[in-house]
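Everything below concerns the one structure shown next.
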Amino acid sequence: MDKRLQKIAAIEIVVLLAIWQALASLEWIPAYLSSPYVVGSEMWALIVSGELFTNAASSLYRSLISFLLVMVLGIVLGIAAGFFKPVGTFFQPIVDVLNPVPKIALLPILMVWFGISDTTRILLIFLTAFFPCFIATKDGVHGVKQVFVWAAENMGASKFQILWKVILPASLPKIFDGLRVSLGLTFVMMFSSEMIGSSNGLGLGFMILLADMAGRTDLMFVSVFFIALLGFLFDRILLAVRARLLWWSENRG
């Protein structure tokens with residue numbers, strides 16, 4: 001995003017907050033919707049007490065562990081499925097059947113097997129975010145021009161060298177597209193998985209659940225804002241890594 005678009009986005013946010021605050025001050029909206037001032041005050045109090053960071057750390061642990069699993073398994077299996085036809089034939093019907101299924105529907109089964117635990121949440125997040133990474137990686141491998149592979153074979157490259165030096169670099173743009181979608185889904189499902197409760201009483205999603213039960217919309221807004229902020233920051237980090245690794249692609253685009 002260039003600086004002009006950043007300024008426009010910042011102005012839009014400020015205007016929306018100003019309108020929200022004005023409506024709340026004039027009591028033109030219900031009191032339970034709070035106001036930016038009330039939400040900001042509550043956020044500052046949670047920051048000072050450290051409670052917000054403690055809950056955010058618990059949520060990040062679940063999200064990032066799941067995302068690391070998605071990165072490793074999604075990329076490795078996606079490359080294998082794209083490069084080796086028998087592997088792709090094996091995974092294709094599994095992906096076709098399971099990908100459209102809402103993974104939240106598997107929650108009761110996971111809870112029976114693992115209880116209300118971090119294992120359940122991590123598996124639920126992983127299952128949701130795995131398929132975009134796997135599919136994008138496999139499509140990226142299929143998109144590599146065959147002439148590159150033939151050239152490497154003619155120069156005596158082994159299968160591993162072709163995978164490492166030809167297939168992987170050429171597939172990276174598509175892989176990062178899948179990773180970006182998967183990263184967003186990890187934060188979406190992190191919130192959803194924590195809404196079932198928390199074994200250790202921590203998590204931003206669990207904070208929203210408690211705030212809803214107590215009728216504290218200010219706490220709900222604080223948690224939602226912090227989830228959005230964390231998602232935005234890690235998306236920027238992923239884009240920075242992409243720009244660093246794919247400098248040739250970024251410059252061309």
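Just so it is clear, the structure is predicted and the values come from calculations on it, not from any experiment.
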Are [Y] and [X] connected into the same hydrophobic cluster when the rule is that any two of I, L, V, M, F, W, Y join if their side-chain heavy atoms are below 4.5 Å apart?
| X | Y | answer |
| --- | --- | --- |
| Leu183 | Val181 | no |
| Val166 | Phe84 | yes |
| Ile11 | Leu16 | no |
| Ile125 | Leu98 | yes |
| Tyr61 | Leu229 | yes |

Kindly indicate whether the side chain of [X], heavy atoms from C-beta on, has any atom under 4.5 Å from the side chain of [Y].
| X | Y | value |
| --- | --- | --- |
| Arg242 | Leu179 | no |
| Thr120 | Ser193 | no |
| Phe232 | Phe187 | no |
| Ile208 | Ile227 | yes |
| Phe130 | Leu77 | yes |
| Ser171 | Val144 | yes |
| Phe226 | Asn55 | no |
| Trp20 | Val39 | yes |

- Item | Side chains of Ser58 and Arg62, donor plus acceptor under 3.5 Å |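 On atom types as modelled, these side chains qualify, holding a pair under 3.5 Å.
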- Item | Side-chain donor-acceptor pair present, Thr217, Ser34, cut-off under 3.5 Å |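 Indeed, the side chains of Thr217 and Ser34 share at least one donor-acceptor pair under 3.5 Å.
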Closest approach of [X] to [Y] (non-hydrogen atoms, all atoms of both residues):
| X | Y | result |
| --- | --- | --- |
| Leu204 | Glu194 | N-OE1, 3.2 Å |
| Ser35 | Ala24 | CB-CB, 3.5 Å |
| Val87 | Ala80 | CB-O, 3.7 Å |
| Asn99 | Lys103 | O-NZ, 3.0 Å |
| Leu230 | Ala56 | CD1-CB, 4.2 Å |
| Leu17 | Pro36 | O-CG, 3.5 Å |

- Message: Assess the residue pair Thr186 and Met190 against the criterion (side-chain contact (heavy atoms from CB on, under 4.5 Å)); give the C-alpha distance rounded to whole Å, side-chain angles, the decisive distance to 0.1 Å, and a yes or no.
- Response: CA-CA 6 Å; Thr186 61; Met190 174 268 288; over 6 Å; no
- Query: Looking at Arg121 and Asp118, does any basic side-chain N land under 4.0 Å from a carboxylate oxygen?
  - Reply: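 The answer is yes: the pair qualifies as a salt bridge.
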To the nearest 0.5 Å, what is the distance between [atom1] on [X] and [atom2] on [Y]?
| X | Y | atom1 | atom2 | answer |
| --- | --- | --- | --- | --- |
| Thr137 | Leu172 | OG1 | CG | 9.0 Å |
| Lys174 | His142 | NZ | NE2 | 12.0 Å |
| Ile79 | Leu168 | CD1 | CG | 5.0 Å |
| Arg216 | Met207 | CZ | CE | 9.5 Å |
| Asp177 | Ile135 | CG | CD1 | 13.5 Å |
| Phe176 | Ser182 | CZ | OG | 12.5 Å |

- Any chance you could lay out the side-chain contact (heavy atoms from CB on, under 4.5 Å) test for Glu12 and Val15, step after step, and finish with the verdict? CA-CA 5 Å; Glu12 289 176 347; Val15 170; 5.8 Å; no
- Can you list the steps and then say if Phe131 with Leu185 is a side-chain contact (heavy atoms from CB on, under 4.5 Å)? CA-CA 11 Å; Phe131 290 99; Leu185 287 174; over 6 Å; no
- With ring centroids as reference points, do Phe91 and Phe134 lie under 6.0 angstrom apart?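 So the answer is yes for these two rings.
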- Query: Which is it for Glu42 and Phe221 under the side-chain contact (heavy atoms from CB on, under 4.5 Å) test, yes or no, and what are the steps along the way?
  - Reply: CA-CA 10 Å; Glu42 186 60 36; Phe221 281 125; over 6 Å; no
- Item | Flag if over 12 foreign heavy atoms under 6.0 Å of CZ, Phe225 |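 Atom CZ in Phe225 is not packed in, count stays at 12 or less.
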